[in-house]
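Side chains are part of it too, since the values below use all heavy atoms of this structure and drop only hydrogens, waters and symmetry mates. Chain letters run A, B, ... following the sequence lines, proteins first, then strands; residues in each count from 1. Since we're looking at a predicted model, the values are computed, not measured.
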Number of protein chains: 2
Amino acid sequence: MPHVKTQTIDFDRPLTTVDIVIFTVSEETLRVLLVRRPVGEGEPFPGRWALPGGFIDTAKDADLESCARRKLTEKTGVDVPYLEQLGSYGNAIRDPRGWSATHVYFALMGLDDVELAAGGNASELRWAPVHADITGEALAFDHAEILAAALTRLRSKVEYTSLPAFLMPVEFTLTELQRTYEVILGRELEKKAFRTRVLAADLLDTVPRMQVGANRPAQLYRLRDTRKAHVFARPFGSADAPNAAGMRR
Amino acid sequence: MPHVKTQTIDFDRPLTTVDIVIFTVSEETLRVLLVRRPVGEGEPFPGRWALPGGFIDTAKDADLESCARRKLTEKTGVDVPYLEQLGSYGNAIRDPRGWSATHVYFALMGLDDVELAAGGNASELRWAPVHADITGEALAFDHAEILAAALTRLRSKVEYTSLPAFLMPVEFTLTELQRTYEVILGRELEKKAFRTRVLAADLLDTVPRMQVGANRPAQLYRLRDTRKAHVFARPFGSADAPNAAGMRR
DNA sequence: TGGGTTAGTGGGAAAGGCCCACTTAGTAAT
DNA sequence: ATTACTAAGTGGGCCTTTCCCACTAACCCA
């Protein structure tokens, strides 16, 4: 089966794709972007929901990350504020077309500035709420497993970083930010401790304007450095047990 | 340029490899395993030092991780106690043979139980000390960059996990473990705080034997669970500044 | 003007790390 | 033997940070 080309490359090359897990928060719910698999001859998992992604185009993509950005822009029409690599998944059976490996990226964005489906058919795109078991949704390929890993990573990092700030609109109040933390972590945080820490970290710029509503107006903030997450010295407290994390997967 | 085979797979497939960054500590020095690139017609970077790794064999390897384990066993002859994925690196230029992507694994092992070069020519294998800039060594491919990322990951995780325990021989004293932490972190830790934390974490089993030497004998310990690292609630203190880590790479 | 609701703060108790100094237990040398 | 030396291991106070609860502040609405 190895079709010899040159001396050095006499191995079958696995199929190579890039997939993106992109999260946002809206209506107090964590959501992930899914796309519907095309229906057609030879298409695997036709009509099923899947993570956005696809084959690397060795002619167009200079590297893995720009491939991920290209695919994201094709779907959402925006440049995501946060993108990091999640990991890669490869084995003989995940794609019926053959041995395949996917490079998975992990992205966060606020929902205020996105015109979804900018480049696609709206009915084929969906911000799916991440409930207890979105795994029960039977996503295409091994995307349920990948999504679970992304969720674990998100929750883990939210414990001790400012990642949720990338899920917010440009301007937000401290209470709204705290709510986002709480939605992701699934538990409540202490108001005082939260405020003290976040403000002490010097992450936010005060906007000279207040958010008005039915109650006392709240100070508006915006992220100072939109490129880097902040790492807190300690995780946010008020939790139950310390977690034991070992080798991934 | 895409040579059409079927409707679904009309993209050039990148070259796909797996590489491993494996660390150990000996003589109070952090070391990484390197192999010498073969010399031959069409071989890239002939004679240069590189991370162990190679092409995926779609016939032999069920998945990425078993490919990594296979290659490690071929080199060191042992089963490593700790293995996690580091990430993947792919672009058009890292391999002169074409667009290539590598899946990188990150491994730790103690040096007491390894018979290096079990499966290879000894002169072609080397535990290279990780000095300030091993990057100056001009490793093959983009392996210097990958090694730097692995080092960052190692240092970062050592701040708040029990990873260094996987770099120790089977039995060791608390002071020796602390020395390993210090070697990796490049700074000294407080003896009392270190002991209190490690013992409270209940990671270690007491060996009913003491290590004798020129001074007061020290209690010997061994790792209780050799499969999982422990995550401490807080990082080891006595440092300088909190670090700001953002998107990887 | 008073009720309701959310924003934001004060302050003390409690927990746990940090750090220094002390004791302990062995070898080696006089 | 006695003494010096060195590394193992401990006692205990200081200090930071969280935790928790209650209080004040500011606005809308009826």
Chemist: Tell me yes or no: between the side chains of B:Ser88 and A:His103, is some donor less than 3.5 Å from an acceptor?
Modeler: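 Short answer, yes.
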Chemist: Kindly determine whether B:Leu220 and B:Phe172 satisfy side-chain contact (heavy atoms from CB on, under 4.5 Å), including the steps that lead there.
Modeler: CA-CA 5 Å; B:Leu220 282 168; B:Phe172 52 89; 5.5 Å; no
Chemist: Look at the side chain of B:Lys191 against the base of D:dG9 and say whether a donor-acceptor pair falls under 3.5 Å; ignore hydrogens and angles.
Modeler: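 Side chain to base: pair found, below 3.5 Å.
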Chemist: Report the distance from atom CD of B:Glu176 to atom P of D:dA7, rounded to the nearest whole Å.
Modeler: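 About 13 Å, once rounded to whole Å.
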Chemist: Please tell me which of A:Thr173 and B:Pro217 maps to the more 5' nucleotide of DNA chain C, matching each residue to the nucleotide holding its nearest heavy atom.
Modeler: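 In this pair, the answer is A:Thr173.
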Chemist: In this structure, how many angstroms lie between the P atom of D:dC19 and the CD atom of A:Gln178, rounded?
Modeler: 12 Å
Chemist: Determine whether the aromatic ring centres of residues B:Phe236 and B:Tyr181 are separated by less than 6.0 angstrom.
Modeler: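 Judged by ring-centre distance (under 6.0 Å), B:Tyr181 and B:Phe236 do meet the cut-off.
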Chemist: Quiz question: going by heavy-atom distance under 3.5 Å, is there a donor-acceptor pair between the base of C:dA7 and the side chain of A:Arg216?
Modeler: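 Check passes, donor-acceptor contact within cut-off.
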Chemist: Report the distance from atom CG of B:Leu189 to atom P of C:dC18, rounded to the nearest whole Å.
Modeler: 9 Å
Chemist: Look at the side chain of A:Thr175 and decide which nucleotide, out of D:dG9, C:dA7, C:dC20, has an atom nearest to it.
Modeler: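 Side chain of A:Thr175 sits closest to C:dA7.
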Chemist: I need the CD-P distance between A:Glu190 and D:dC19, as an integer number of Å.
Modeler: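 One finds 7 Å between P of D:dC19 and CD of A:Glu190, rounded.
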Chemist: Between the base of D:dG11 and the side chain of B:Lys192, is one N or O donor paired with an acceptor at under 3.5 angstrom?
Modeler: yes
Chemist: Picking from D:dT18, C:dC18, C:dG8, which would you name as closest to the side chain of B:Ala193?
Modeler: C:dC18
Chemist: Find which nucleotide of DNA chain C each of A:Leu199 and A:Ala214 is nearest to by heavy atoms, and output the residue with the more 5' nucleotide.
Modeler: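 With A:Leu199 and A:Ala214 compared, the 5'-side residue is A:Ala214.
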Chemist: Between atom CZ in A:Arg179 and atom C1' in C:dT6, what is the gap in whole Å?
Modeler: 13 Å
Chemist: Tell me whether A:Arg31 forms a cation-pi arrangement with A:Trp127, defined as NZ or CZ under 6.0 Å from the six-membered ring centre and within 45 degrees of its axis.
Modeler: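 Pair A:Arg31/A:Trp127 does not count as cation-pi.
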Chemist: Is any side-chain N or O of A:Asn215 under 3.5 Å from a base N or O of C:dT6, one able to act as donor and the other as acceptor?
Modeler: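 Side chain to base: no pair present.
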Chemist: Does C:dG17 have OP1 or OP2 sitting under 4.0 Å from an N or O in the side chain of B:Arg234?
Modeler: no
Chemist: When you match A:Thr196 and B:Leu220 each to their closest nucleotide on DNA chain D, which lands nearer the 5' end?
Modeler: B:Leu220
Chemist: Checking side-chain polar atoms at under 3.5 Å, does A:Tyr221 have a donor or acceptor matched by the opposite partner on A:Gln219?
Modeler: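 Judged by distance alone, the side chains do not pair up.
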Chemist: Provide, to the nearest angstrom, the distance between the CZ atom belonging to A:Phe236 and the P atom belonging to D:dT17.
Modeler: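 Value for this atom pair: 14 Å.
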Chemist: Taking OH from B:Tyr160 and P from C:dG16, how many angstroms apart are they, rounded to a whole number?
Modeler: 22 Å
Chemist: I need the CZ-P distance between B:Phe194 and D:dG9, as an integer number of Å.
Modeler: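 Those two atoms, CZ and P, are 12 Å apart.
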